[in-house]
Structures are given as structure tokens and as C-alpha cells.
**Student:** 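First the structure, which I've put down as C-alpha cells, then a few questions once you've had a look.
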Amino acid sequence: MTPSPQSILEHVFGYTAFRGQQQAIVETLIAGQDALVIMPTGGGKSLCYQVPALARAGCGIVISPLIALMQDQVDALQAAGVKAGFLNSSLSAEQANATERALLNGELDLLYVAPERLTQPRCQQLLKRSRIALFAIDEAHCVSQWGHDFRADYLQLNLLHEQFPDVPRIALTATADARTRIEIANRLNLQNARHFIAGFDRPNIQYRIAQKDKPLEQLLHFLQTEQQGNAGVVYCLSRSKVERTAEWLCEKGFNALPYHAGLSAELRATHQRRFLREDNIIMVATIAFGMGIDKPDVRFVAHLDLPKSIEAYYQETGRAGRDGEPATALLLYGLEDVVKLGQMLAQSDGNEQHKRNERQRLDTMLGLCEITSCRRQTLLRYFGEPAENPCGNCDTCLNPPKTWDGTDAARKLLSCIFRTGQRFGANHVIDVLRGSGSEKILALEHHKLSTHGIGKELSAVEWKSVVRQLVARGYLDVDGDGFGTLRLSDRCRPLLRGDETIQLRKDVAPSAAKAAKTPHNDIDAADMPLWHALRACRKQLAEEFGVPPYVVFHDSTLREMVAERPTTPAALLRISGVGDSKLEKFGAAFLQVIKEFEYELQ
Ligand code: ADP
Ligand code: ZN
């Protein structure tokens, strides 16, 4: 008799209940129907095909472009007692032959295959001679010619439908827009598939955006007070900044590694591997780092420069907290970022229309930084999925910003920009407003302007905040000329005429902008020694078995062990993430650690 999905979930994966739509998806496939699944990162897509592959007779074939991850995925399944293998170009002919034989002999539950291999006639012959439980097409958006992850091999995957009409197929992706969805359904012949579309929200990620003010110190403070011993990614715009930041973090005692396209392929692979395998690596990277990183326990993503669009920001921050545990996305930005990105854009290839679109995307990103309402609501609205209530888990919800009547200040700024001929960047305009008598001002005779010295009531930092907010709201344009020249837009007229007032956000000092609660420190100080001991135990087992720590157990499982303190195998089995096979392999070691602590308590 084949086991029920529920018993597979419990015994193999150690979980008590399916999440969201998982159960319906699993049942669809077990019944032999096709499914198209859109679920955000961390939503739990893998179980949607892993459970039915185990429940149905034969082997589940998983097509994935992320070759570098296959080994880890297979390791994780094997740790859970699943007979899994993979076929891709990293294998020797001998290894591949052994895997093929295992498939033919019915000895595999799951087989991961690279798309370019699947499209070879030889591979199709192999599959024809084997018993197939289902086909899972992972990262299905790669079939879309409009997306940037397009893979020509994916276009040929409709052969699955033609050659194996009776085998159910499931296509999965986290890319949610309607156009991509339709394209996937058409190109993969999934018109009759049931669609399962989950929301975009990543509720476990805390979004925080603050202005730059000694960014390295801000980052250090964040790491020291909230992220000790955690893995995370720090994104920087340039390679040299990546290098400098990584070096500086190492000096401060963190395990930071650089990653950018200027490093050799070997070094990049080593750093990526260490990031996946070790517990507490901070990857300092340009956006070259990302695609295909599905380490589940990344606890934070910090941006030291403004991302160029909300899409990029959401994708990059989305790499945090895939395991569903609390994670933080911290962005530090300043007006100089807008100037720099604008300049890069102006110098880039591409036609004017393209540049205008990109410019608009950048402005929308800046708008997200400057809002005074819930960040998540704005993000979700942007992706066409409005949320009714403020989220309670972003910086503006946790520390609602104060506002002030900025009408007078805005008028002074706008007229000063106008009087100086719309030929200068923020620093010079602010100098004029604050009545500076610098050489430059005297040489330009700007001390004779009526706006000279009319803004002494605000500091230079406060004026910068006014500039940023007026840019974000479309009153001012920043030129991509390299100088950040400010110009008035038509949007200014009602404000200058006195028909309109404007409320501005009062920027708090960054140290005070820290979130009200720090999600990762919810382990009591008294429990910290046990927590660290469990992590050390996990690290040792991971090294012994040659797998990343999270393949042994996820953080959430260790956290539950700290809370429940199981001392018998039966009690350990009740912890989420502990299945039969992991209990057998790792149970004794963890029980031993917990028992030692119990004695100490007595
Ligand atoms: P995705 O591929 O959608 O990004 P994964 O399949 O990697 O997500 O799952 C994300 C995390 O959620 C993993 O750590 C996984 O073990 C966990 N998970 C998935 N389904 C469940 C469930 N039903 N109960 C508990 N944990 C789950
Ligand atoms: Zn919020």
C-alpha cells in the first residue's frame, strides 16, 4: 500500500501539517492532474512535488536550471531518507551511468535533471524505459523570453507533454506577474493544469529603511546588536566598496567574504560554497551574487546603496528568511545614491525610452524610502496585491515617523534652486540657503541673491532630507550629469503659488531608528548556552556528513528544541523538522546535548 501524503509529511520530513495550498497541490498530482504553482520564495514549493513523488509509483523527475544546487538538494533529501540522485554536467560518465542504472532498476524516488540533459534524445530514451511518477519543472519562468532568466532549453520542455502524456506535470516559480504566468501555461502546454497562486507577501521579513549617516558604523551596530553569529548578505553598488566593506567587517571580527564579477570564478565558487556550508558567513556582494542562492537560513540582507528598482529590492531582500523564520531587510540610502545611479543610467547603453523607464523605476524606489506609511503595504500595492492593514513589521509601523509642515522650507529651497539658475547640486544650494561665505559662493556672487542665508533655521543634514523628499515626490528632478544638478519640475507650481502645503517626514537619528523589537533575539539569555551548543552539534554533524548545517536541521528546529527540551527519541520526533531518518542519524547527538544541559539545571 502506498503511504498517505500526511504520513510522508510526518515521517519523512518531520512536519505536522501542510502549509497553505500544499495539500491541494499534492492531491492534484497524486490524482494524475497537472498543476501550475506560483508561490513566493520560502513558501514551500519543494514539498509540492517531493511528497507526491514519494506517494506515486515510480521516480519523480525534477527539472532545474540551478545545477550548483542539485548536490545540496539531493544531500538534504538523502538525510531525510529519500532515495535521490541527480544528472548534470558535473558528474563523471561513471557516476552518471550508476544513477541511470538506479533509475532503470526503480531504485530512485527523485531525480534532478538539468534541462539541457533532458532535451537530449538519449535521456528521453532512458526515461521511456523507466517508471516516472511525475515531472516537476522548477524555476518555470525560465521559459519566458521576456524575463532575464530565459533558457532556450526550457522551450523544448513541451516535449514532456507530447512524449509522456500520462505523467502528471507541475511547473513552479516565484515570479508572479500575469504575463509570465500565461506564457508558462502556453509554452509548457499546461492549459489544463490547475493553477495555484499564493500571495507575494513575505511576512517574516522585517523591512527597515534608514538614511545613511556613517553607513559602516550603522551596519556594525546592526550586526552587533541583532545579528551576532548569523548568516547574511550585504549588497554594495561597486566592486571596490565590496572589497573595502568585507575587509572592514573582518577587522571587526565578523566572517565576511567578498563576492563580485571581478573575482576569479574559482574564488567566487569557494566563497559561495563557504556561505552555504558554514553557519555565520556574511557575504558582501554586488548584485552578481544571488540567482540560485537558496540557503534557507539567511537572517538578514543589508543594502549599503539604493537598489535601482523596487523589483530589484524585493528580489534581493527576498533571499532572507526562506525558512519562514524572522529575518531583516535593512536598507541605508542617501541622496548621493540617487545622483550616482542617475549618472550610471545616463551613461548606459539603451535608447531614450528605456532610460526614461529606468529613471522612473529609480524614482519609485526612492519614493518607497521616503514614505511615512507602511513599507509592506506600498510594496504589495506595487505588485498588484494591496494589503488592507499596515503590517506591524516594518520600520514605519514599528516607529511611526513624525511629520512636520515643510511648506515654508520647500518654498525656500525651490526658489533658491531657481535663483541659482538650476545649475547646481544639493550641496551648493544648501550652502546658499545657509548663508555660506565660501569662495565658490563669492566667486559666483551668490551671496548677493535674495535667497542667500534665508535657511539658517535648518541644518545641512535637515536640508538634505528636504531635498530627498522633494525629489521622491516629483517636485525636483536630479540630472544624470554626474553633478546631481537639481531642476524644478512642473509639479512645483501649486506649491510655489501658495495653493498647496506639504508635510515632510522628520528623519530620526539612525541609532534611534532601530526597530522596537529585535526578532532574532527571542531566545532568552539563559537559553543561549544551549542554543550555541545545539548549533555546535549541528556544525560537527554537518562536517561529518559533508553537508551544509541546514541539511542537518533548520534553525527553527533547533529553536524548538531549546523551547521544548526533548529528552527522549519520541519527544524529539514531535519537534517540527525531525523525521524518522533524521532521528536515526542525528537524534542521539542532540539528545545528548540537551541532557547535559538538563543536568546542569538541576
Ligand atoms: P521555496 O522553494 O518555495 O522557496 P522551500 O520548498 O525551500 O520553499 O521551503 C521553504 C522552507 O519551508 C523550508 O525550510 C521547508 O522545509 C519549510 N517548509 C515547507 N513546507 C513546510 C511545512 N508544511 N511545514 C513546515 N515547514 C515547511
Ligand atoms: Zn508596515
Side-chain angles (χ1 to χ4, degrees), residues 5-6 8-10 12-26 37-51 62 64 66 69 72-73 76-77 79-80 82 136-141 170-176 196-209 292-298 315 318-325 327 329 368 371-381 387-401 515-517 548-560 575-579 582:
Q6 181 65 34
I8 293 172
L9 184 72
E10 284 172 23
V12 179
F13 297 97
Y15 299 138
T16 45
F18 283 108
R19 266 193 205 156
Q21 297 174 296
Q22 280 175 336
Q23 185 166 3
I25 298 166
V26 165
V37 173
I38 319 271
M39 226 185 243
T41 309
K45 287 188 280 300
S46 330
L47 283 189
C48 296
Y49 54 82
Q50 289 169 347
V51 172
V62 186
S64 166
L66 307 176
L69 294 178
D72 283 350
Q73 285 166 323
L77 284 164
V82 177
I137 303 165
D138 208 2
E139 312 292 339
H141 61 279
I170 171 172
L172 312 105
T173 177
T175 304
F196 298 91
I197 295 151
F200 233 100
D201 191 15
R202 301 286 312 281
N204 60 317
I205 299 182
Q206 182 175 91
Y207 297 101
R208 277 151 59 181
I209 303 181
I293 295 307
D294 78 1
K295 184 175 166 66
D297 52 357
V298 174
Q315 194 176 41
R319 291 173 186 139
R322 295 186 58 134
D323 52 9
E325 292 282 292
L368 173 72
I371 52 165
T372 50
S373 56
C374 174
R375 310 272 191 207
R376 192 182 312 270
Q377 276 185 309
T378 303
L379 283 167
L380 293 176
R381 198 178 323 114
E388 211 170 302
N389 298 311
C391 75
N393 192 25
C394 70
D395 60 339
T396 49
C397 282
L398 292 165
N399 300 299
K517 55 174 186 190
Y550 59 81
V551 164
V552 177
F553 285 127
H554 284 177
D555 283 355
S556 53
T557 303
L558 299 193
R559 199 184 296 273
E560 220 178 302
I575 303 282
S576 179
V578 185
K582 288 196 181 181

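Below, all heavy atoms of this structure are taken into account, side chains as well, without hydrogens, waters or symmetry copies. Indexing begins at 1, ligand by ligand and atom by atom, following the structure's order.
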**Student:** Considering only heavy atoms of P40, which atoms of ligand 1 have at least one such atom less than 4.0 Å away?
**Tutor:**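 Selected atoms, number and element: 3 (O).
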**Student:** Is any side-chain heavy atom of Q206 closer than 4.5 Å to a side-chain heavy atom of L398?
**Tutor:**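 Yes, their side chains come closer than 4.5 Å.
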**Student:** List the atom of C374, the atom of C391, and the distance in Å for their closest heavy-atom pair.
**Tutor:**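 Heavy-atom minimum between the residues: SG-N, 3.3 Å.
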**Student:** Write out the residue and atom name of the closest protein heavy atom to atom 9 (O) of ligand 1, then the distance separating them to 0.1 Å.
**Tutor:** G44 CA, 3.4 Å
**Student:** Geometry only, no angles: is L47 polar-contacting ligand 1 at N/O separations under 3.5 Å?
**Tutor:** no
**Student:** Ligand 1 and K45, any nitrogen or oxygen pair closer than 3.5 angstrom?
**Tutor:** yes
**Student:** Any sub-3.5 Å donor-acceptor pair from R376's side-chain atoms to N393's backbone N or O?
**Tutor:** yes
**Student:** Of the listed options (R322, Q23, R19), which comes nearest to atom 4 (O) of ligand 1 when hydrogens are ignored and any heavy atom counts?
**Tutor:** R322
**Student:** For the Zn ion (ligand 2), report each protein N, O or S atom nearer than 2.8 Å, sorted by chain and then by residue number.
**Tutor:**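 Correct list: C374 SG, C391 SG, C394 SG, C397 SG.
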**Student:** Going by heavy atoms, is G324 under 4.0 Å from ligand 1?
**Tutor:** no
**Student:** What atoms in ligand 1 come closer than 4.0 Å to a heavy atom of S46?
**Tutor:**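 Result: 2 (O), 5 (P), 6 (O), 7 (O).
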**Student:** Only heavy atoms of G42, strictly under 4.0 Å: list the atoms of ligand 1 that pass.
**Tutor:** 1 (P), 3 (O), 4 (O), 8 (O), 10 (C)
**Student:** Which atoms of ligand 1 have any heavy atom of H554 under 4.0 Å away?
**Tutor:**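 Atoms satisfying the 4.0 Å criterion: 13 (C), 14 (O), 16 (O).
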**Student:** Give yes if a backbone or side-chain nitrogen or oxygen of M39 is under 3.5 Å from a nitrogen or oxygen of ligand 1, and no if not.
**Tutor:**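 No, no N or O pair falls under 3.5 Å.
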**Student:** How far is atom 20 (N) of ligand 1 from the closest protein heavy atom, and which atom is that?
**Tutor:** Q22 NE2, 2.9 Å
**Student:** Mind listing the closest non-hydrogen atom pair of T173 and K45 along with its distance?
**Tutor:** O-CD, 4.0 Å
**Student:** Between A174 and ligand 1, find which residue part has any heavy-atom pair under 4.0 Å and reply side chain, backbone, both or neither.
**Tutor:** neither
**Student:** Would you say ligand 1 has an N or O under 3.5 Å from any N or O of D323?
**Tutor:** no
**Student:** Is the backbone N or O of D555 less than 3.5 Å from a side-chain atom of D297, with the two atoms forming a donor-acceptor pair by type?
**Tutor:** no
**Student:** If every non-hydrogen atom of S556 is compared with every non-hydrogen atom of E325, which pair is closest and at what distance?
**Tutor:**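 Taking S556 first and E325 second, the nearest heavy atoms are CB-OE2, 3.1 Å.
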**Student:** In chain order, what residues pass the side chain to side chain donor-acceptor pair (under 3.5 Å) check against D138, with sequence neighbours excluded?
**Tutor:**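 Listed in chain order: nothing, the list is empty.
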**Student:** My understanding is that only residues two or more places apart in sequence, or in another chain, count here; which of them pass side chain to side chain donor-acceptor pair (under 3.5 Å) with R202?
**Tutor:**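 So R202 forms no side chain to side chain donor-acceptor pair (under 3.5 Å) with any residue.
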**Student:** Do any heavy atoms of A17 fall under 4.0 Å from ligand 1?
**Tutor:** yes
**Student:** Could you go through the side-chain contact (heavy atoms from CB on, under 4.5 Å) check for F18 and V51 one step at a time?
**Tutor:** CA-CA 11 Å; F18 283 108; V51 172; 4.2 Å; yes
**Student:** Looking at S373 and T396, what are the two nearest heavy atoms and their distance?
**Tutor:** O-OG1, 2.8 Å
**Student:** Between ligand 1 and F18, is the shortest N or O to N or O distance under 3.5 Å?
**Tutor:**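 Min N/O separation from ligand 1 is not below 3.5 Å for F18.
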**Student:** Just to be sure I read this right, does ligand 1 sit under 4.0 Å from the backbone of Y15, its side chain, both, or neither, counting only heavy atoms?
**Tutor:** side chain
**Student:** If the contact criterion is a heavy-atom separation under 4.0 Å, does C48 count as touching ligand 1?
**Tutor:**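 No, that is not the case, since the closest heavy atom of the residue is not under 4.0 Å from the ligand.
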**Student:** So which atom in C48 and which in M39 form the shortest heavy-atom distance, rounded to 0.1 Å?
**Tutor:** SG-CE, 3.9 Å
**Student:** Indicate, as side chain, backbone, both or neither, the part of P296 found under 4.0 angstrom from ligand 1 when only non-hydrogen atoms are considered.
**Tutor:** neither
**Student:** For D323, enumerate each residue passing the salt bridge (Lys or Arg N to Asp or Glu O under 4.0 Å) test, keeping only those at least two apart in sequence or located in another chain.
**Tutor:** R299
**Student:** Given 3.5 Å as the limit, does a donor-acceptor pair link the side chain of Q6 with the main chain of T16, or not?
**Tutor:**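 Judged by distance alone, yes, a pair lies under 3.5 Å.
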**Student:** Which pair of heavy atoms, one from F200 and one from P40, lies closest together, and at what distance?
**Tutor:**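 Smallest interatomic distance, heavy atoms only, reads O-CB, 4.2 Å.
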**Student:** Hey, does E139 have a side-chain heavy atom less than 4.5 Å from the side chain of L66?
**Tutor:**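 Yes. Closest side-chain heavy atoms under 4.5 Å.
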